[in-house]
Amino acid sequence: MQDRDLNEYSPSRSLSSKHLSCSNHWCDNGSNCKSSQQQCPYMVSYLSDNTSSSGLLVEDILHLQSGSGLSNSSVQAPVVLGCGMKQSGGYLDGVAPDGLLGLGPGESSVPSFLANSGLIHNSFSLCFNEDDSGRMFFGDQGPTIQQSTPFLPLDGLYSTYIVGVDSSCIGNTCLKMTSFKAQIDSGTSFTFLPGHAYGVIAEEFDQQVNGSRSSFEGSPWEYCYVSSSKELPKVPSLTLVFQQNNSFVVYNPVFVFYGNEGVVGFCLAIQPTEGDMGTIGQNFMTGYRLVFDRENKKLAWSRSNCQDLSVGKRMPLSPNETSPNPLPSDEQQRTNGHAVAPAVAGRAPHKSSAALSRMNSSFRVYWHCYFFLLFQLVSASY
């Protein structure tokens, strides 16, 4: 990610900004308006510790760099975004200071706007590198050789990205009773597994790891260890096995604590969650190019250092270069003011202490929205 000076986004200072009226079809809360010409309000509540955002909807233009390799051209894409005026919960502790980028299957997300406008295939990819950098490519359907698993519907709708894990392995030991469903959510920093799978996986990890059990102040994780050296010892990998024996290997499923002289210790960076639905967070995505192929309703992945996805290289589209095929309207779901994904999560501290701040439940008022995309945005036009 390139260093850039960040500026607040203000609709009044944007020449291309347009207010969305309550009569607009994107306005879910139009019934609450006093007049059809009133500017459309929004309210989103997240699953993360009473976190919410409310404000007004505006339409503006995203300027994305084309990844066609034919020229250094840009693509102008109209999108609808919420300009936050009142925030609560995690927003008050500095979470997502530049805003959130909607990537869900719903028709109001950025990929849906781009696909429905005919700018890209109905797909996008995320790539997280080991050095905390990353890239995002709209329209990317991935390389020729990659593994995949189908998305699963939730209550009959593809309203979020859910996959089914058939079994799990620690090192070379594959475990029984470790199947579960999980939401793929890059907005969640860490990974949560249903209690039954978590217990079996954590106990097997504990048996194989070379380290003494310990605890770290402020750490949310149960299985933590003191390092016998100043470097991270070899830890067993975690493999998630999907249909047709496709496997997703997390080589270092740990969070590392650093001191002044090196590694102090580490924890298995998984937490248990109630119910039968887990969340695969950003910490499990590192080192992979993850393709959210909404057109074919599948998640695909391949190992990558994110450097082979250069701006000047044409991103692979479908083999026959067909036109986009957005999800049918009956398979999309608007959030109606409630976000399905727990999309607000704190960023993991890098080489710092274990202190983890708690979310504040009070409210503040913000009169500008922050809209900066954390990854390099590249449109794969055709």
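Just so it is clear, the values below take in all heavy atoms, side chains as well, and ignore hydrogens, waters and symmetry mates.
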Of all heavy-atom pairs between Val58 and Leu20, which one has the smallest distance, and what is that distance? C-CD1, 4.3 Å
Of all heavy-atom pairs between Glu59 and Pro78, which one has the smallest distance, and what is that distance? OE2-CB, 3.7 Å
When rounded to the nearest 0.5 angstrom, what is the spacing between CG in Asn252 and CG in Asn283? 11.0 Å
For Cys27 and Cys22, run disulfide (SG to SG under 2.5 Å): C-alpha distance rounded to whole Å, both residues' side-chain angles, the deciding distance at 0.1 Å, then the answer. CA-CA 6 Å; Cys27 186; Cys22 291; 4.6 Å; no
Results of ring-ring contact (aromatic ring centres under 6.0 Å, His included) for Phe180 - residues two or more places apart only: none
Heavy-atom distance under 4.5 Å between the side chains of Phe128 and Phe284, does that happen here? no
In Å, rounded to the nearest 0.5 Å, how long is the span from CG of Asp206 to CD1 of Ile201? 13.5 Å
Would you say the side chains of Glu203 and Tyr198 form a donor-acceptor pair under 3.5 Å? no
If we ignore hydrogens and angles and just use 3.5 Å, is the side chain of Asn29 paired with the main-chain N or O of Asn32 as donor and acceptor? no
For the residue pair Trp221 and Phe190, is the inter-centroid distance of their aromatic rings smaller than 6.0 Å? yes
Walk me through it: do Phe257 and Phe255 pass the test ring-ring contact (aromatic ring centres under 6.0 Å, His included)? CA-CA 7 Å; Phe257 296 92; Phe255 181 83; 5.0 Å; yes
Checking Gln208 side chain against Ile170 main chain: does a donor-acceptor pair fall under 3.5 Å? yes
Interatomic spacing from CG in Leu299 to CD1 in Ile162 - rounded to 0.5 Å: 12.5 Å
Heavy-atom pair with the smallest gap, counting every atom of Ile184 and Met285: CG2-CE, 3.6 Å
Look up atom CG in Asn24 and atom NE2 in His19, then write down how far apart they are to the nearest 0.5 Å. 13.0 Å
I'd like to know if the side chain of Thr273 reaches the main chain of Pro194, judged simply by a donor and an acceptor atom lying under 3.5 Å from each other, with no hydrogens or angles considered. no
Determine whether the interatomic SG-SG distance for Cys40 and Cys33 falls below 2.5 angstrom. no
Donor-acceptor pair, side chain of Ser88 and main chain of Asn50, under 3.5 angstrom: yes
For Asp140, does its backbone N or O pair with a side-chain atom of Ser123 as donor and acceptor, under 3.5 Å? yes
Taking the side chain from Gln147 and the backbone from Ser247, do they hold a donor-acceptor pair closer than 3.5 Å? yes
Output yes when a side-chain donor or acceptor of Thr178 lies under 3.5 Å from a complementary backbone atom of Ser168, and no otherwise. yes
Ser53 and Tyr42: side chain donor to acceptor below 3.5 Å: yes
Does Ser109 use its side chain to pair, donor to acceptor, with the backbone of Gly106 at less than 3.5 Å? yes
Between Gln183 and Met277, which heavy-atom pair has the shortest distance, and what is it? N-SD, 4.0 Å
Which heavy-atom pair separates Arg289 from Ser304 by the least distance, and what is that distance? CB-CB, 3.9 Å
First locate atom CZ of Phe292, then atom NZ of Lys298, and finally report the distance between them rounded to the nearest 0.5 Å. 14.0 Å
Taking atom types as modelled, find out whether Thr149 and Asn246 have a side-chain donor-acceptor pair closer than 3.5 angstrom. no
Distance (rounded to the nearest 0.5 Å) between Tyr251 OH and Ser237 OG: 7.5 Å
Using modelled atom types only, decide if a donor and an acceptor are shared between the side chain of Gln146 and the backbone of Gln141 within a distance under 3.5 Å. yes
Gln39 (side chain) donor-acceptor with Leu57 (main chain) under 3.5 angstrom: yes
Between Phe113 and Trp26, is the gap from one ring center to the other below 6.0 Å? yes
Using side chain to side chain donor-acceptor pair (under 3.5 Å), reason through Ser14 and Asp60 one step at a time and then give a plain yes or no. CA-CA 8 Å; Ser14 172; Asp60 213 328; 2.7 Å; yes
Given the rule in the side chain to side chain donor-acceptor pair (under 3.5 Å) test, do Ser21 and Gln37 qualify, once you have shown the distances and angles that lead to the verdict? CA-CA 5 Å; Ser21 69; Gln37 297 307 309; 4.8 Å; no
Audit row: Tyr225, Asn210, side chain to side chain donor-acceptor pair (under 3.5 Å) steps and yes/no: CA-CA 9 Å; Tyr225 307 87; Asn210 181 20; over 6 Å; no
Between Val250 and Phe192, is there shared hydrophobic-cluster membership here, with clusters defined by ILVMFWY side-chain heavy atoms closer than 4.5 Å? no
Check the orientation of Trp301 and Phe248. Use parallel for under 30°, tilted for 30 to 60°, and perpendicular for over 60°. perpendicular
Less than 6.0 angstrom from the centroid, inside 45 degrees of the normal: does Arg294 satisfy that with respect to the ring of Tyr158? no
Between Ala182 and Thr279, the two heavy atoms sitting closest are CB-N, 4.4 Å
Are the aromatic ring centres of Phe124 and Phe137 under 6.0 angstrom apart? no
